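Let me begin by presenting the structure, written as structure tokens, before commenting on it.
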Amino acid sequence: MSITIPMVDLQIQYHALQEEIDAEVAQVLRNARFILGPNVSAFENEVADYLGVAHAVSCASGTDALHLALRAAGIGPGDEVITTPFTFIATAEAICYVGATPVFVDIDPYTFNIDVTRVEAALSKRTVAILPVHLFGQPADMRTLRALCDVHRLCLIEDCAQSFGARAEGDSFTGSIGEFGCFSFFPSKNLGCYGDGGLVTTTSEGAAARLRKLRNHGSSKQYVHDIIGYNSRLDEIQAAVLRVKLRHIDQFNAARHAAAQRYDALLKGLPLRLPYRDPRVTHVFHQYTLLCEARDLAMAALRDAGIGCAIYYPRPLHQQQVFAEMAARESLPVSEAVARECLSLPMYPELSDMQASRVAEVLAGAL
Ligand SMILES: *Cc1c(COP(=O)(O)O)cnc(C)c1O
């Protein structure tokens, strides 16, 4: 018997929430207010309350959230921003959008997050910010990064695209520790809408006002423009969907955590390195990513069995063509080694015991 198990299944969750979501979306259509209306402002307030942050400003995507945060921070040409090479390209793209230069620091071999012990050596006179990613839903070492930023007067910008609802050491939510927290609501993220969406959190009222301007053509009053901005707004339909899902996010994240625990138990004893959990933080398992020396073999077996799997990420950013100049300068051996062996298994809140068992059975047969 073969069960088809996708990497991510967005249909089950929609079916479970269909009544609520359909009613809210229908209400938006009836009201015919589609841009910067009541759902957007309500959602921003609800997210700010949930995360315990002063301000939340929504925008059109997670990539835009990073871009707008960097602009609101005043980062630009000549500036260097320290970040991780083991992330989605958007993290570094946003740094380039403002004319700044990403400086890649190697990762911790256990968490796969930026290795905080290597950050200080990468600082230069031009460094203005550190941009950690809470990869796969596990918070980076924010206590150390916050202290480094305070000592060296740097701006701390968190890429929380994969970590909605995760808590760093000391129990603060990711996105509430840096000057800015940048979220994506891409459909497959832990809190996902039904299109593109993003949001920036900030502690500063001035920065929040700049963000609101930047996302709306540099304008806070209609037809009055004092800076060059963008068209980067979350729309009312997406905000309505997100308001429904936000009410369930703790339960979704708990279910991901339970699925990860099941994988851990089922895969124990196989020649794999299972995901490390930093005991100081709450991991929300955007991905369940392990290391596997025989990765090709494992992937072939999973595919033959109709089970999804993926490599996040096959090539670290310092080895991408677009950053070729940096590649010549630097070798980041931990990122390179992890990229060779990492493998992500199907992960979503509704992943059943039976599905997790089937994945484990196929891996056990292959390895
Ligand atoms: C998804 C993602 C982004 C970009 O978000 P979009 O909403 O797709 O623009 C940025 N950084 C990381 C780490 C991501 O996973």
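When reading the values below, keep in mind they use all heavy atoms of this one structure, side chains included, and skip hydrogens, waters and symmetry mates. Model, not experiment: these values are computed from the prediction. All ligand and atom numbering here is 1-based and tracks the order in the structure.
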Are side-chain N/O atoms of [X] and [Y] paired as donor and acceptor at under 3.5 Å?
X      : Y      : result
Glu158 : Thr174 : no
Asp64  : Ser232 : yes
Arg30  : Gln27  : yes

Contact atoms of ligand 1, heavy-atom distance to [X] under 4.0 Å:
X      : answer
Ser184 : 5 (O), 6 (P), 7 (O)
Ala90  : 4 (C), 10 (C)
Gly62  : 5 (O), 6 (P), 7 (O), 9 (O)
Thr91  : 11 (N)
Ala161 : 2 (C), 3 (C), 10 (C), 11 (N), 12 (C), 14 (C), 15 (O)
Val133 : 13 (C)

With Ile157 as partner, the option from Thr91, Ile130, Thr202, Ile75 fulfilling side chain to side chain contact (heavy atoms under 4.5 Å, CB included) is Ile75
Do the side chains of [X] and [Y] get close enough for a salt bridge, i.e. N-O under 4.0 angstrom?
X      : Y      : result
Asp226 : Lys213 : yes
Lys268 : Asp264 : no
Arg243 : Glu20  : no

Please report whether ligand 1 has a polar contact with [X], defined as an N or O pair separated by less than 3.5 Å (distance criterion only).
X      : answer
Thr87  : no
Asp159 : yes
Asp196 : no

Looking at Lys189, Gln287, His67, the heavy atom closest to atom 2 (C) of ligand 1 belongs to Lys189
Can a non-hydrogen atom of His286 be found less than 4.0 Å from any atom of ligand 1?
-> no
Of all the non-hydrogen atoms in the protein, which one sits nearest to atom 4 (C) of ligand 1, and at what distance?
-> Thr63 OG1, 3.6 Å
Check: Gly37 main-chain N/O paired with Glu236 side-chain donor or acceptor under 3.5 Å = yes
